[in-house]
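To start, the structure under review is shown below, and the notes come after it.
Predicted model only: the values in this text are computed from it and were never measured. Convention: sequence-line order gives letters A, B, ...; per-chain numbering from 1.
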Protein chains: 2
Amino acid sequence: MPKMPANKAPTNGGDTDEKIRARNIREILKAATEIFSRKGFDGARIAEIAEASGLPKANVYYYFSSKEEIYRAVIEHLIEGWDDAFAHISVDREPQDAIRSYVAAKLSYTRRNVIESRLFANEIIRGAQFLSRKDRQHMRTVTDEKVKVIEDWIAAGKLRPVDPRHLFIMLWSATQFYADFEPLACDALHTTKLKGVDYSHAAETISETVLRGLLPAGQI
Amino acid sequence: MPKMPANKAPTNGGDTDEKIRARNIREILKAATEIFSRKGFDGARIAEIAEASGLPKANVYYYFSSKEEIYRAVIEHLIEGWDDAFAHISVDREPQDAIRSYVAAKLSYTRRNVIESRLFANEIIRGAQFLSRKDRQHMRTVTDEKVKVIEDWIAAGKLRPVDPRHLFIMLWSATQFYADFEPLACDALHTTKLKGVDYSHAAETISETVLRGLLPAGQI
DNA sequence: TCAAAAGCTGACCAAAGTGTCAACTTATTA
DNA sequence: TAATAAGTTGACACTTTGGTCAGCTTTTGA
C-alpha cells in the first residue's frame with residue numbers, strides 16, 4: 001500500500017516518476033483551496049473537491065487519507081506570503097517609504113490572492129485550530145522583529161510615539177479587509193466589484209492617513 | 001398546524017401565552033448564535049443547537065421549519081448594533097470628539113459582542129448570502145449619510161482631505177479585528193486573552209493615529 | 001369541567017457524505 | 001518482456017444529519 005512516500009523519485013533522476021503524483025496533488029490542493037475558502041471546512045465536500053480537480057473521489061483518497069489531511073496541507077501554504085510584505089519594514093529605510101511599500105505590497109498580495117486570504121481569515125476566525133504551533137511561532141517572531149524596527153524609528157525621532165503592535169494590527173486589518181469582506185467593501189464604495197482603482201485609493205488613504213499621523217510635524 | 005403565528009397573545013392581555021414561545025425562541029436563537037459563530041452554517045448541527053438550548057431537536061423544529069430559518073433569524077439581529085456607534089459621527093460635533101467616541105463605542109460593542117461580531121464576519125466572508133437586501137440597503141444608507149458628515153467637515157476646514165469611505169473601512173476593520181481575529185491579535189500582543197487594557201490601547205492608538213493624520217496641523 | 005389550541009417528543013426516514021476495497025489499467029525497471 | 005509498483009475507479013459500507021410525524025401532555029378560555 002504505497003501511500004504518500006516522502007522520498008522523491010526512486011531510482012532515475014527524471015521527474016517522470018513524480019510527475020503524475022505531483023500534478024494530481026497540486027490539482028487537488030488547488031481545488032481544495034478554492035472550495036474550502038468558499039464553504040469552510042465543514043461545508044466543503046470531498047466529492048466536490050474531486051470533481052473540481054478532475055479526479056474521481058476514490059483517487060483523491062489515494063493521495064490523502066482524510067479531509068482533515070487535505071485541509072492541513074492547504075493551510076500550510078497560507079503562511080508563505082506572510083513575510084514578504086513585512087520585508088519592506090526595515091531599519092535602514094525611511095519610515096515613509098517603508099510603510100508606503102508595506103501597505104502597497106500587502107494590498108497587492110491580498111488582491112492577487114483573494115481566495116487564500118479569505119481562507120486564512122476563515123481559519124483564524126474558527127480559532128486557528130489547524131495552524132501549526134510552528135507557523136504561529138513564526139508569525140510571532142517576524143512581528144516581534146518588525147516591532148523592534150518601529151521602536152528604533154521612534155527612538156531615532158523618525159516617528160512619533162505609537163504602540164507598534166496596535167499599529168501593525170491597524171495596517172494588517174485595513175489591508176486584509178478588502179479581500180475578506182469584499183461584499184461589504186463593495187457596498188461601502190458603491191461598486192459591484194473591487195477594481196484596481198479601489199485598491200489604489202485604499203493604499204493611498206491608508207498610508208497617507210497613517211503617515212501624516214506618525215511623521216514628525218511638517219514632514220509630509 | 002399552528003406554527004409561528006405572527007399575532008401576539010390571543011385574548012388575554014397577559015404574557016403567559018407568549019411566555020413559553022418567547023422564552024424557547026430566545027433560548028434557541030441564543031444557542032444558535034453561539035454555535036453558528038463557532039462552526040459556521042454548515043458546521044452547525046441542529047442537534048447541538050437543540051441540546052445547547054435545553055430542548056429536544058423535534059421541539060426546535062416546532063418553532064423553526066428549517067436550519068436556514070434559524071440562521072436567518074440569527075443574522076437579522078446582527079445589524080442592530082450597526083447604527084449605534086455610527087451615531088457618534090454627526091456634523092454638530094467636533095471631529096475630534098466624534099471620531100474618538102466612534103472608535104471607543106465600536107470597540108466596546110465589539111468586545112461585548114464577540115460572538116455576534118464573529119458570526120457577522122463569517123457571514124460576510126461567505127458572501128453575505130443571507131443578509132437581506134433591506135439590511136444591506138440600510139447599511140449603505142447609513143454609511144452614505146456619515147460620508148456626507150465627513151465631507152462637510154472637510155469642506156469646513158475641520159479635517160484634511162481624505163476619502164471618507166476608505167477612512168470608514170480603516171476604522172471599521174481595525175475595530176472589528178480584535179474580536180474576529182482574536183487568536184492573531186493575542187499572538188501579536190503577546191497575551192493569551194484580550195483584556196480591557198488591550199482594548200483601551202487599541203482605541204487610543206487607532207483614534208490618535210488617525211486624528212493626528214486628519215486634523216489640521218497643530219490641532220492635537 | 002371540558003374541548004380546543006398550543007406545546008412536546010421518541011422514533012423514524014431519506015439524503016448526503018466520509019471513507020474503504022477489490023479489481024482493474026498503466027507505468028517502470030531489470 | 002515479465003514481474004512489480006504506481007495509479008485508477010465503480011461500487012459499497014457505514015455514519016451523520018436535516019427534517020417529519022403521530023400521538024402524547026399541558027395550557028387556555030368559556
* Return the value, rounded to whole Å, for the distance between atom NZ of A:Lys19 and atom C1' of C:dT26. => 16 Å
* Asked: Between D:dG19, D:dG10, C:dC8, which one does the side chain of B:Ser66 approach most closely?
  -> D:dG19
* Asked: Nearest of C:dT18, D:dG7, D:dG19 to any side-chain atom of A:Arg21?
  -> D:dG7
* May I have the distance from B:Glu27 (atom CD) to C:dG7 (atom C1'), rounded to whole angstrom? => 16 Å
* To do: Establish, with yes or no, whether the OP1 or OP2 oxygen of C:dG7 is under 4.0 angstrom from a side-chain nitrogen or oxygen of B:Tyr62.
  => yes
* Nearest-angstrom distance from the residue atom CZ of B:Phe64 to P of D:dG18 -> 15 Å
* **B:Asn59 CG - D:dG23 C1' separation (whole Å)** => 15 Å
* To do: Give me the ring orientation class for A:Phe181 and A:Phe177: parallel if the planes are under 30° apart, tilted from 30 to 60°, perpendicular past 60°.
  => parallel
* Calculate, to the nearest 0.5 Å, the distance between atoms CD1 and CZ belonging to B:Ile79 and B:Phe120 respectively. => 4.5 Å
* Structure fact -> Atom CG of B:Asn24 and atom C1' of C:dA6 are separated, to the nearest Å, by 12 Å
* To do: Identify which nucleotide among D:dT17, D:dG7, D:dT9 has an atom closest to any side-chain atom of B:Arg45, counting heavy atoms from C-beta outward.
  => D:dT17
* Structure fact -> A:Glu69 CD to C:dT20 P, in whole Å, measures 11 Å
* Between B:Ser117 and B:Gln176, do the side chains contain an N or O donor and an N or O acceptor separated by less than 3.5 Å? -> yes
* Asked: With sugar-phosphate meaning primed atoms plus P, OP1 and OP2, does A:Ala44 contact a base, only sugar-phosphate, or nothing at under 4.0 Å between heavy atoms?
  -> sugar-phosphate
* Among C:dG7, C:dA27, C:dC21, find the nucleotide with the atom closest to the side chain of A:Ala58. => C:dC21
* Asked: Would one find a side-chain N or O of A:Tyr61 under 4.0 angstrom from OP1 or OP2 of D:dT8?
  -> no
* Test item: side-chain donor near acceptor, A:Asp84 and A:Tyr109, under 3.5 Å -> no
* Rounded to whole angstrom units, what separation is found between the CD atom of A:Glu68 and the C1' atom of C:dG19? -> 14 Å
* Is any N or O donor-acceptor pair between the side chain of B:Lys67 and the base of D:dG19 shorter than 3.5 Å? -> no
* So, B:Tyr178 versus A:His166, ring centres under 6.0 angstrom or not? -> yes
* Return the nearest nucleotide to the side chain of A:Lys57; candidates are D:dT8, C:dT18, D:dT27. => C:dT18
* Asked: Of the candidate nucleotides D:dT9, C:dT18, D:dG19, which contains the atom at the shortest distance from the side chain of B:Ile46?
  -> D:dG19
* Report the distance from atom CD of B:Glu48 to atom C1' of D:dG18, rounded to the nearest whole Å. => 14 Å
